[in-house]
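So the structure is just underneath, and the comments pick up after that.
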Amino acid sequence: MPLYDCMLLLKPHVKKEALMDLVAKVGKHVYRKNGVLTDLKSFGTVQLGYGIKKLDGRYYQGQLMQMTVMTPPSFNNELHYLNKEDRLLRWLLVKHRDIKFGFDFLGEDDAEADLSKFRSNIYEIEEEEEEEDDDDDDEYNVDESEKKSV
């Protein structure tokens, strides 16, 4: 099942109890579809870039909530009941992309080859730096006896 972020922008005057009631309603819907609510974040009251017009006025602030859920893809089509919510200004459902990290991204065979190239490049760079240091000594007329004493 893919991960989704459900962003809820509520009216600024909505009380915490009503806000949590709406979040619980969406959460129950997720569980009925055999999904999992993985994360819940509240961003508090945010200033909007433009006013959102509703029947009871225009809103320039809103309370922003983010719910991260893991549900079947059909979940998107079943959120139409949120359009009728009086407490909501806007809602948005965003699907997480399949991002792979580390060895999963490279593949097992490719990863070893790429890492071995990286290691050899590091050692070659260090050897070049050591050779450059020796050249600097000749430039400043430093004797071998002075090098050993330092």
Side-chain angles (χ1 to χ4, degrees), residues 1-137 139-140 150:
M1 285 189 278
L3 272 175
Y4 293 94
D5 277 334
C6 183
M7 303 296 291
L8 303 171
L9 182 64
L10 293 99
K11 294 179 180 177
H13 59 76
V14 173
K15 297 191 173 157
K16 258 191 177 169
E17 294 82 19
L19 186 141
M20 292 313 293
D21 179 47
L22 181 63
V23 169
K25 187 176 181 181
V26 174
K28 287 178 185 175
H29 188 87
V30 169
Y31 288 127
R32 270 184 276 158
K33 296 294 174 187
N34 294 328
V36 178
L37 177 66
T38 59
D39 193 18
L40 180 64
K41 293 180 187 174
S42 174
F43 295 98
T45 303
V46 295
Q47 297 291 326
L48 304 177
Y50 58 90
I52 296 177
K53 187 176 178 185
K54 290 293 182 179
L55 294 174
D56 56 344
R58 188 173 292 272
Y59 294 92
Y60 294 93
Q61 295 181 2
Q63 295 182 43
L64 188 61
M65 296 284 299
Q66 176 184 353
M67 299 174 63
T68 304
V69 295
M70 188 179 291
T71 60
S74 62
F75 181 70
N76 186 22
N77 300 332
E78 299 165 4
L79 286 177
H80 60 275
Y81 66 90
L82 289 176
N83 292 332
K84 298 178 180 135
E85 257 320 311
D86 290 339
R87 301 171 278 193
L88 272 179
L89 295 173
R90 296 277 191 270
W91 66 273
L92 176 70
L93 189 70
V94 180
K95 183 178 179 182
H96 282 240
R97 293 182 173 215
D98 293 329
I99 300 173
K100 296 181 179 180
F101 297 99
F103 290 125
D104 295 333
F105 177 73
L106 296 173
E108 291 179 26
D109 296 333
D110 296 337
E112 291 176 14
D114 287 344
L115 288 178
S116 65
K117 289 179 188 175
F118 182 68
R119 286 186 197 118
S120 65
N121 288 341
I122 290 174
Y123 294 125
E124 289 173 8
I125 291 170
E126 287 179 5
E127 289 175 3
E128 290 174 6
E129 289 176 0
E130 289 176 7
E131 291 172 6
E132 290 175 7
D133 290 342
D134 293 338
D135 295 339
D136 292 341
D137 294 340
E139 185 177 320
Y140 295 109
V150 175

Shortest non-hydrogen separation from P12 to Y59 and the atoms involved: CD-CD2, 3.6 Å
One should read off an interatomic distance between K11 NZ and L19 CG, to the nearest 0.5 angstrom, of 13.5 Å
With E85 as reference, evaluate R90, K25, K54 under the salt bridge (Lys or Arg N to Asp or Glu O under 4.0 Å) test and give the passing residue. K25
CG (L64) and CG (L8) are apart, to the nearest 0.5 Å, by 8.5 Å
Enter the distance from D5:CG to T38:OG1 here, rounded to the nearest 0.5 Å. 8.0 Å
Distance, nearest 0.5 Å, that separates CD of Q61 from CG of L48: 7.5 Å
Candidate list L22, V14, L9, test side-chain contact (heavy atoms from CB on, under 4.5 Å), partner L88, passing option: L22
To the nearest 0.5 angstrom, please state how far the CG atom of L10 sits from the CE atom of M65. 7.5 Å
List, one per line, each side-chain donor-acceptor pair under 3.5 Å for residues 69-76, sequence neighbours excluded.
none

Any non-hydrogen side-chain atom of V26 less than 4.5 Å from a side-chain atom of L82? yes
Enclosure of Y81 OH (heavy-atom neighbours >12, cutoff 6.0 Å): yes
Worked verdict on T68 versus Q66 for side-chain contact (heavy atoms from CB on, under 4.5 Å): CA-CA 7 Å; T68 304; Q66 176 184 353; 3.8 Å; yes
From T45 atom OG1 to Q63 atom CD, the distance as rounded to the nearest 0.5 Å: 5.0 Å
How far apart are the closest heavy atoms of Y60 and Y50, and which atoms are they? CD2-C, 4.2 Å
Shortest non-hydrogen pair, N77 vs H80, comes out as O-ND1, 3.4 Å
